[in-house]
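See below for the structure under consideration.
Ligands are counted one by one from 1 in listed order, and the atoms in each one are counted from 1 as well.
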Amino acid sequence: MKMSDYWTTMASLVGMLAFCQTILQLVFPPELRLAFIHFLTRLRHVFSSHIYFDITEIDGVNTNELYNAVQLYLSSSVTVNGAVSSSNNNTRLSLTRVPNSSSVTFGLSNNDRITDVFNGVTVLWEHVVVQRQVQSFSWRPMPEEKRGFTLQINKRDKALVLDSYLDYIVGKSEEIRRRNEERLLYTNSRGVSLDARSHPWDSVRFKHPSTFDTLAMDPEKKKRIMEDLREFANGQGFYQKTGRAWKRGYLLYGPPGTGKSSLIAAMANYLGYDIYDLELTEVQNNSELRKLLMKTSSKSIIVIEDIDCSISLTKRGKNKKKNGSYEYDPGLTNGSGLDEPGSSVTLSGLLNFTDGLWSCCGSEKIFVFTTNHIEKLDSALLRSGRMDMHVHMGFCKFPALKILLKNYLRLEEEDMDSVVLKEMEECVEEAEITPADVSEVLIRNRSDAEKAVRELVSVLKERVVKRRKSVGLKKKKEEGEEEEEAEEEQEKRALDSPNKRNRAVFGYQEEEEEVDEKEK
Ligand SMILES: Nc1ncnc2c1ncn2[C@@H]1O[C@H](COP(=O)(O)OP(=O)(O)OP(=O)(O)O)[C@@H](O)[C@H]1O
Ligand SMILES: [Mg+2]
């Protein structure tokens with residue numbers, strides 16, 4: 001068949017269809033027409049190998065949560081440049097931004113289609129939008145357009161896919177929603193008594209830029225923490241099965257400026273959790289602590305910074321028993337009991353709060369304590385079940401240094417002079433420099449990478465020299481003390497020999513006798 005004949009046949013077919021459609025519109029009333037179309041669609045479905053599920057935006061008078069979940073979920077499979085991750089080549093996307101969020105989500109335009117693959121099964125989504133019939137008066141006017149998604153699945157895949165696929169979509173959409181929304185930072189330190197406040201927590205938008213990518217720390221350790229957090233967030237079933245409260249405690253310890261607070265921000269951004277910054281010194285007593293906790297939401301991180309100075313947890317109160325032995329009374333702190341100045345939150349109050357007792361107030365909570373002095377903390381606080389993961393944030397090591405050079409100066413390892421890199425690698429550990437101090441040097445010279453690197457190398461070398469000197473001095477002092485001790489030891493030993501001891505004793509007596517003689 002020639003091309004021209006082909007096009008003529010097509011044109012006449014389309015003409016025929018349009019003619020039928022006009023007749024239909026002229027002859028049949030809209031209701032009949034709609035019924036007829038429905039009948040044809042049903043007929044088509046009976047013979048088709050697919051099954052269709054309609055998910056309308058408004059279900060009766062309520063918003064259909066599943067519609068929103070599907071919309072969010074499908075938006076995550078649509079990338080920024082408009083091409084979807086699956087085979088279709090959507091050219092039109094809808095853009096939306098939810099209130100209180102700085103991110104834009106992409107969605108399917110009207111009557112557009114997208115395929116998705118779940119557990120190896122390909123499904124087809126269509127975004128169906130039709131004009132709503134003219135509506136009678138209603139207190140809750142319905143939107144002009146009737147929107148919905150139609151899910152097309154192969155009949156043989158229905159059992160395999162339907163329930164698990166929809167559950168997966170709802171879970172995923174929850175995660176996307178949380179990630180898109182702003183984090184909130186709640187604080188209790190407003191200096192007003194809890195009763196006088198309507199809500200015990202104050203909240204502000206939390207936009208800390210720290211992420212696990214920007215965090216300079218040992219990559220292995222970073223990976224372990226991220227896996228641990230992921231496992232926790234996905235662990236609802238595990239915690240239910242094991243009958244444990246769905247909570248997890250992290251203790252971050254190390255010198256100032258090593259990234260403890262930055263790690264907390266990175267955890268919140270990674271999980272999409274809000275942060276409750278609990279200032280214990282503002283909490284009057286245990287019952288107030290309990291009230292504060294009852295008002296925290298799930299999917300949150302409850303932070304107590306510098307726990308060693310928040311409340312005196314160094315020594316627990318001791319009660320002397322009749323028989324002279326001691327027993328610990330966690331209700332007391334520091335031996336002085338409840339009359340501690342300021343907060344009278346006690347160790348037991350804190351232990352309960354991190355334990356099952358109070359953590360049943362809402363689940364999926366992470367507790368993070370930070371300290372510069374782990375040695376000061378009471379072992380009761382450190383056991384697993386309370387502080388499940390102890391993370392040491394230490395001085396900068398070479399892998400962390402490279403992350404900082406990349407973050408601040410956009411310098412990759414291969415961009416740098418190997419000699420300079422070698423110098424840095426050799427002295428960074430001995431220099432005992434914190435990432436905060438390294439960041440300071442790099443920020444100061446961020447417009448001139450060469451100068452920044454030069455200055456960093458000289459700072460590292462200076463610190464090494466200073467450290468060697470102080471180590472040397474310390475050694476000398478120790479040696480000095482050792483010599484003194486040795487001399488004392490020698491004297492003592494000499495004294496311990498019988499004749500020397502007697503002479504010494506008698507010597508005294510002789511002296512005493514002389515004095516006595518004189519006095520006579
Ligand atoms: N490991 C790190 N990775 C990236 N930046 C860091 C790191 N440690 C510190 N910094 C930088 O130093 C600054 C202070 O860090 P941060 O507040 O996290 O330290 P910290 O350990 O909480 O200190 P402190 O014990 O005094 O509270 C941060 O703003 C951050 O830019
Ligand atoms: Mg800090």
Side-chain angles (χ1 to χ4, degrees), residues 183 185-189 204 206-226 228-229 249-271 273 275-282 301-311 313 366-377 381 387 389-413 424 428-429 431-446 449 452-453 455-456 459-460 463:
R183 304 271 69 70
L185 170 67
Y186 294 90
T187 55
N188 68 308
S189 47
V204 287
F206 172 72
K207 295 178 68 137
H208 197 294
S210 180
T211 64
F212 276 105
D213 292 336
T214 61
L215 211 54
M217 61 190 292
D218 171 51
E220 263 317 297
K221 191 189 292 186
K222 192 187 286 191
K223 193 164 149 264
R224 271 203 318 276
I225 297 171
M226 294 170 81
D228 197 71
L229 290 169
Y250 293 83
L251 175 72
L252 313 182
Y253 65 97
T258 49
K260 296 179 291 300
S261 304
S262 304
L263 174 55
I264 294 169
M267 290 164 82
N269 288 330
Y270 178 63
L271 292 173
Y273 283 15
I275 290 187
Y276 286 85
D277 183 12
L278 179 54
E279 185 45 72
L280 273 187
T281 48
E282 294 281 334
I301 299 179
I302 299 170
V303 178
I304 302 181
E305 292 255 31
D306 302 320
I307 180 85
D308 54 298
C309 16
S310 294
I311 52 176
L313 300 171
I366 286 182
F367 298 102
V368 180
F369 293 170
T370 74
T371 179
N372 296 140
H373 306 285
I374 188 171
E375 69 287 352
K376 283 189 180 172
L377 297 184
L381 200 59
M387 293 297 110
M389 197 177 202
H390 295 189
V391 180
H392 177 236
M393 296 299 278
F395 291 116
C396 221
K397 295 218 165 66
F398 191 52
L401 189 70
K402 287 189 284 187
I403 293 172
L404 290 171
L405 288 167
K406 190 172 152 204
N407 289 352
Y408 284 89
L409 304 176
R410 307 248 163 288
L411 281 178
E412 298 288 348
E413 196 168 344
M424 284 191 189
V428 64
E429 290 205 27
E432 285 201 340
I433 187 167
T434 64
D437 292 338
V438 171
S439 318
E440 220 9 77
V441 174
L442 301 182
I443 288 177
R444 236 187 351 252
N445 306 290
R446 63 184 178 283
V453 169
E455 188 170 325
L456 180 61
V459 164
L460 293 177
R463 280 176 175 254

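Side-chain atoms of Asp228 and Tyr250 include a donor-acceptor pair closer than 3.5 Å. No donor-acceptor contact under 3.5 angstrom links the side chains of Thr214 and Asn407, judged on distance only. For Ser261 and Glu305, the side-chain atoms include at least one donor-acceptor pair closer than 3.5 Å.
Near ligand 1, Thr214, Leu215, Ala216, Pro256, Gly257, Thr258, Gly259, Lys260, Ser261, Ser262, Asn372, Leu404, Tyr408, Pro435, Ala436, Ser439 each place a heavy atom less than 4.0 angstrom from the ligand.
Looking only at side-chain heavy atoms (C-beta outward), Leu185 and Asp277 come within less than 4.5 Å of each other. When side chains are defined from C-beta on, Leu263 counts as touching Phe212, because their heavy atoms get closer than 4.5 Å. Using a 4.5 Å heavy-atom threshold, the side chains of Met389 and Leu251 count as separate.
No side-chain donor-acceptor contact under 3.5 Å links Asp306 to the backbone of Cys309.
Around the Mg ion (ligand 2), the protein contributes the following N, O or S atoms at distances under 2.8 Å: Ser261 OG.
Listed by chain and number, the residues in a salt bridge (Lys or Arg N to Asp or Glu O under 4.0 Å) with Glu455 are Arg444 (sequence neighbours excluded).
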Solution key, residues 390-398 side-chain donor-acceptor pairs under 3.5 Å, sequence neighbours excluded:
residue: His390; atom: NE2; partner: Leu382; partner atom: O; Å: 3.0
residue: His390; atom: NE2; partner: Met387; partner atom: O; Å: 3.2

